[in-house]
Trainee: 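Pasting in a structure now, in C-alpha cells, and then I'll have a few things to ask.
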Amino acid sequence: MGPGDALLAAGAGLLAGAVNAIAGGGTLIAFPALLATGLPALTANITCSVGLVTGYAGGAVGYRRELADQVDRLRALGPPALLGGLIGAVILLATPSSSFRAVVPYLVLASCLLLAAQTRLAAVVARRRAHTVTPVTTPVTTPAVPAAGARPPAARTVTWPTRFGVLIAGVYGSYFGAGLGVLLLGVLGILLTDDLQRTNGLKTLLAFGVNAVGVVVFLITAKVAWGYAGILVVASLAGGLIGARIARRMHPALLRAAVITLGVVVAIVLLVRG
C-alpha cells in the first residue's frame with residue numbers, strides 16, 4: 001500500500017462516514033475506492049464492512065436519547081437483524097468469489113435505486129403517519145396498570161412482517177452493505193408508526209448490529225486487508241462525527257445525486273470489465 005492508496009482510502013472513509021450520516025450509501029464511495037487500489041472485489045467488500053462499522057456505532061451513540069424508550073422494539077427486532085447479518089456473512093464466504101464478482105454490478109445498481117427512492121420512501125412514511133394519527137379528544141386519565149404478562153405498546157407494534165423485513169435487510173446488508181440503512185429505514189418507517197427521528201435511531205442501531213455480526217465472522221476468516229481496514233475505521237468515525245458537518249453544507253438532493261452517479265459509473269465499469 002503506497003501513500004497515494006492510503007490517502008485515497010482515508011478520503012473515501014471520511015466521505016463515506018459523512019454520507020452515511022446524511023443520506024446513506026457510504027459504501028458506494030469506500031468500495032470503489034478500495035477497488036481502485038487493486039483489491040479484489042470480495043476483499044474490498046469485506047474490508048469495507050470492517051472499516052465502516054465505527055460510523056454506525058457513532059450514529060447509534062448520537063441517537064441514544066431516541067433509543068432510550070425503544071428497548072422492547074430492540075428486543076423484538078435485534079434477533080432477526082443479527083440472524084440476517086450472520087446468514088449474509090456466511091453466504092458471502094460460502095459462495096465462490098467469482099459469483100460475488102458476477103453479482104456486484106447489479107448489487108451496486110440496486111443500492112443506487114434504493115438511494116434514489118429514499119425521498120419517496122420518506123414520503124410514503126409521512127403519508128402513512130398522517131392517516132394513522134388521530135386527535136386526542138378524551139380527557140387525560142391515570143394509565144391503567146397492564147395485566148400480568150402483557151407486552152408494552154412498543155412491543156405490540158412489532159409485527160412478524162416487520163421482523164421478516166429486518167431479517168431480509170440484515171442478509172442483504174451483511175452480504176453487500178451499500179444501501180442497508182436506506183432499506184432498513186424503508187422497512188421500519190412503513191411498518192412502524194413513529195416519529196422519523198426515533199425510527200432513524202432504531203435503524204442506525206440495527207444496522208450497527210448487522211455489520212458487527214458480519215465483522216465478527218469476517219475477522220475469524222481473516223479475509224480482510226488490515227491496513228485499509230484500519231484507515232477506514234478511523235476515517236469513517238471522523239466522517240460520522242465531523243465530516244457530516246461539512247456534507248450538510250451541500251443540498252441533500254445534490255449529495256444524493258452525486259453518490260448515485262458514482263454508483264452507476266462503478267456498476268457500468270464493473271459490467272464492462274466482467
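Not measured: the values here are computed from a predicted model.
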Trainee: According to a hydrophobic-cluster definition based on side-chain heavy atoms being under 4.5 Å apart (Ile, Leu, Val, Met, Phe, Trp, Tyr only), do Val103 and Val171 belong together?
Mentor: yes

Trainee: Can Leu184 be reached from Ile87 by stepping across I, L, V, M, F, W or Y side chains whose heavy atoms are under 4.5 Å apart?
Mentor: yes

Trainee: Between Val158 and Ala76, what is the shortest heavy-atom contact and its length?
Mentor: CG1-CB, 3.7 Å

Trainee: side-chain contact (heavy atoms from CB on, under 4.5 Å), that's the test. Do Leu188 and Leu77 meet it? Break it down for me.
Mentor: CA-CA 10 Å; Leu188 297 176; Leu77 295 175; 3.7 Å; yes

Trainee: Counting N and O atoms only, with roles assigned by atom type, does the side chain of Thr95 sit under 3.5 Å from a partner on the main chain of Ile91, one being a donor and the other an acceptor?
Mentor: yes

Trainee: Do Val50 and Phe208 belong to the same hydrophobic cluster, where Ile, Leu, Val, Met, Phe, Trp and Tyr are linked whenever their side-chain heavy atoms lie under 4.5 Å apart, directly or via other members?
Mentor: yes

Trainee: Measure across Leu35 and Ala41 and return the closest heavy-atom pair with its distance rounded to 0.1 Å.
Mentor: CD2-CA, 3.7 Å

Trainee: Strictly distance-based, threshold 3.5 Å: is any side-chain N or O of Ser236 a donor or acceptor partner for the main-chain N or O of Leu232?
Mentor: yes

Trainee: Would you give the length of the straight line joining atom CE of Met1 to atom CG of Leu7, rounded to the nearest 0.5 angstrom?
Mentor: 10.5 Å

Trainee: Should Phe218 and Leu92 be marked as a side-chain contact (heavy atoms from CB on, under 4.5 Å) after you check the CA-CA gap, both sets of side-chain angles, and the distance that decides it?
Mentor: CA-CA 10 Å; Phe218 297 147; Leu92 178 62; 3.6 Å; yes

Trainee: Can you name the nearest heavy-atom pair linking Ala229 to Val224, along with the distance?
Mentor: CB-CG1, 3.8 Å

Trainee: Hydrophobic clusters here meaning ILVMFWY residues chained together by side-chain heavy-atom distances under 4.5 Å, can you tell me if Leu205 and Val71 are in one?
Mentor: no

Trainee: How far apart are the closest heavy atoms of Leu167 and Pro80, and which atoms are they?
Mentor: CD1-O, 3.4 Å

Trainee: So, do Leu83 and Val213 sit near enough that their side-chain heavy atoms are less than 4.5 Å apart?
Mentor: no

Trainee: Look up atom OG1 in Thr47 and atom CD1 in Ile231, then write down how far apart they are to the nearest 0.5 Å.
Mentor: 11.0 Å

Trainee: Rounded to the nearest 0.5 Å, what's the gap from CG on Leu93 to CD1 on Ile46? Could you check?
Mentor: 5.0 Å

Trainee: Mind checking whether Leu206 and Val210 have side chains closer than 4.5 Å, heavy atoms only?
Mentor: no

Trainee: Do Asp72 and Arg75 touch side chain to side chain, with heavy atoms closer than 4.5 Å?
Mentor: yes

Trainee: Say whether, by atom type as modelled, one donor and one acceptor occur between the side chain of Ser174 and the main chain of Gly85 under 3.5 angstrom.
Mentor: yes

Trainee: Of the non-hydrogen atoms in Ala9 and Leu34, which two are nearest, and what is the gap between them?
Mentor: CB-CD2, 4.4 Å

Trainee: Counting N and O atoms only, with roles assigned by atom type, does the side chain of Arg73 sit under 3.5 Å from a partner on the main chain of Leu202, one being a donor and the other an acceptor?
Mentor: no

Trainee: So which atom in Ala12 and which in Ala33 form the shortest heavy-atom distance, rounded to 0.1 Å?
Mentor: CB-CB, 3.5 Å

Trainee: Linking I/L/V/M/F/W/Y whenever their side-chain heavy atoms sit closer than 4.5 Å, directly or via other members, would Leu8 and Val233 fall into one cluster?
Mentor: no

Trainee: With rounding to the nearest 0.5 Å, note down the distance linking SG in Cys48 to OH in Tyr228.
Mentor: 12.0 Å

Trainee: Going by the rule ring-ring contact (aromatic ring centres under 6.0 Å, His included), which residues pair with Tyr175 if we only count those two or more places apart in sequence or in a different chain?
Mentor: Phe100

Trainee: Rounded to the nearest 0.5 Å, what separation is found between the CG atom of Leu180 and the NZ atom of Lys203?
Mentor: 8.5 Å

Trainee: Does Phe164 reach the side chain of Val187, with side-chain heavy atoms less than 4.5 Å apart?
Mentor: no

Trainee: From Leu52 CG over to Phe31 CZ, what is the distance, rounded to the nearest 0.5 angstrom?
Mentor: 12.0 Å

